[in-house]
Amino acid sequence: MNPRFGFLLLVLSSVLLGADSRCPPTCDLALGSYFVPQGSDLTRISNLFRLPSPDIIVSYNRDKVPNRDTVLAGDRINIPFSCDCISDTFLGHTFQYTINNQDTYDRIANTFYSGLTTVEMLQRFNTFDPLNLTPGSSLNVVVNCSCGNPDVSKTYGLFVTYPIRSNDSWESLQRDTNVSSDLLRQYNPDVNFSEGNLIFIPGRGEFLPLVMRFLLGFDPIGPRSFAMLKPCSVRPCLITCVTVFFCLQIKVATIHL
Ligand SMILES: *[C@@H]1O[C@H](CO)[C@@H](O)[C@H](O)[C@H]1NC(C)=O
Ligand SMILES: *[C@@H]1O[C@H](CO)[C@@H](O)[C@H](O)[C@H]1NC(C)=O
Ligand SMILES: *[C@@H]1O[C@H](CO)[C@@H](O)[C@H](O)[C@H]1NC(C)=O
Ligand SMILES: *[C@@H]1O[C@H](CO)[C@@H](O)[C@H](O)[C@H]1NC(C)=O
């Protein structure tokens, strides 16, 4: 066998078999529905979610946030993040939070991150004694996310992680999101609909074929300014390289014939 072809097979199989995890496919973009707490502002919020600039939040919330100096407590805004594989088991994103004096898990989960994570999640992904958090240390804040389910619908490729609040119902969510409560239930079949639990709400945007996402290296659903900040991850790059390499080989072979 041509050694180059052998190498190609090796790379290809390691790329395909390397996906040895129970995670569903990840995606470059998910949104978190964030309930703005009293006294917060966009700079603080973008620090919490490790966004390089408050302008990114503005670009995802043009209807609610006209500019970077205006955000109202009690508003719900969408925060963009990448939806990754956590512990080889489920989809989420880990934010690093720097602990301050007088922080508690409850305040961090329910006020600062407005229920996008929970006290249980903080306990699960950190080894601190919850009654003795060390100021200045970094805390793993894991927020769950979804990249959709092509079996339910191919129309949606972008999902909002939404912490249920006390007066929410399937009907009020249908009214607020313009997504039918039937479809909402189909995407959240096992959810216990009560305060503090999470549901995933499909957002606008096409369900791009995976190949397209791989080739583009980012998800064109969102504003490009944000998407471009993420370098294309190793696997898509490898697949693109392998594809190009493979096509060139075929071309060369054809010319030789
Ligand atoms: C996030 O997902 C994991 C795995 O499905 C689950 O164990 C955990 O309870 C979820 N967290 C929240 C806050 O729903
Ligand atoms: C839900 O409660 C919040 C505050 O408690 C209130 O601002 C909001 O209008 C309520 N929503 C509905 C649909 O009643
Ligand atoms: C809700 O959906 C309907 C039909 O899909 C559409 O005509 C309408 O403009 C949407 N409204 C909003 C606020 O998105
Ligand atoms: C649903 O969740 C609430 C709050 O998390 C909990 O109190 C309740 O027992 C749960 N119900 C079921 C049927 O799991």
Side-chain angles (χ1 to χ4, degrees), residues 19-37 40 45 48-51 76-99 103-131 133 138-153 156-174 176-177 179 181-203:
D20 182 23
S21 110
R22 283 175 289 154
C23 274
T26 57
C27 48
D28 288 340
L29 181 64
L31 299 171
S33 178
Y34 185 74
F35 191 81
V36 180
S40 195
I45 299 170
L48 278 175
F49 293 95
R50 301 283 164 184
L51 293 168
R76 265 190 179 285
I77 57 177
N78 286 330
I79 309 285
F81 57 88
S82 64
C83 190
D84 314 320
C85 180
I86 306 291
S87 312
D88 273 348
T89 45
F90 66 95
L91 294 179
H93 187 101
T94 306
F95 297 97
Q96 299 296 325
Y97 172 81
T98 307
I99 300 173
D103 278 352
T104 61
Y105 274 177
D106 181 57
R107 278 187 80 202
I108 294 169
N110 295 317
T111 307
F112 302 156
Y113 285 92
S114 84
L116 284 167
T117 193
T118 57
V119 172
E120 292 73 50
M121 294 285 278
L122 292 178
Q123 281 169 344
R124 188 164 146 193
F125 291 98
N126 295 280
T127 51
F128 293 100
D129 171 359
L131 296 177
L133 300 179
S138 183
L139 192 71
N140 295 318
V141 174
V142 177
V143 175
N144 289 6
C145 53
S146 165
C147 297
N149 178 354
D151 293 341
V152 172
S153 164
Y156 299 99
L158 177 61
F159 285 75
V160 183
T161 301
Y162 182 97
I164 299 169
R165 298 188 75 84
S166 58
N167 57 3
D168 285 333
S169 65
W170 290 113
E171 289 66 35
S172 73
L173 289 177
Q174 167 170 345
D176 293 348
T177 63
V179 176
S181 62
D182 275 352
L183 192 61
L184 286 175
R185 284 172 208 251
Q186 281 178 47
Y187 274 119
N188 298 280
D190 302 319
V191 79
N192 165 1
F193 198 99
S194 60
E195 187 176 9
N197 292 331
L198 296 177
I199 60 167
F200 301 112
I201 299 177

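Atoms within a ligand are numbered from 1 in the order they appear, just like the ligands themselves. Heads up: numbering here begins at 1 and tracks the sequence. The figures that follow rest on heavy atoms only: side chains count, while hydrogens, waters and symmetry mates do not.
Ring pair H93/F95 is tilted by interplanar angle, where 30° to 60° counts as tilted.
Scanning both residues, T117 and N110, for their nearest heavy atoms gives O-OD1, 4.5 Å.
Within the 6.0 Å centre-distance limit, the rings of F49 and Y113 are counted as a close aromatic pair.
For the side chain to side chain contact (heavy atoms under 4.5 Å, CB included) criterion with F193, the lone passing option out of L173, L184, N188 is L173.
Cation-pi geometry between R76 and Y34 is not met: the NZ or CZ atom fails to fall both under 6.0 Å from the ring centre and inside 45° of the normal.
Heavy-atom proximity to R124, at under 4.0 Å, picks out these atoms of ligand 1: 6 (C), 7 (O), 8 (C).
Between C147 and C83, the gamma sulfurs sit at a distance of 2.5 angstrom or greater.
Within 4.0 Å of ligand 4, contacts by protein heavy atoms are made from N192, S194, N197.
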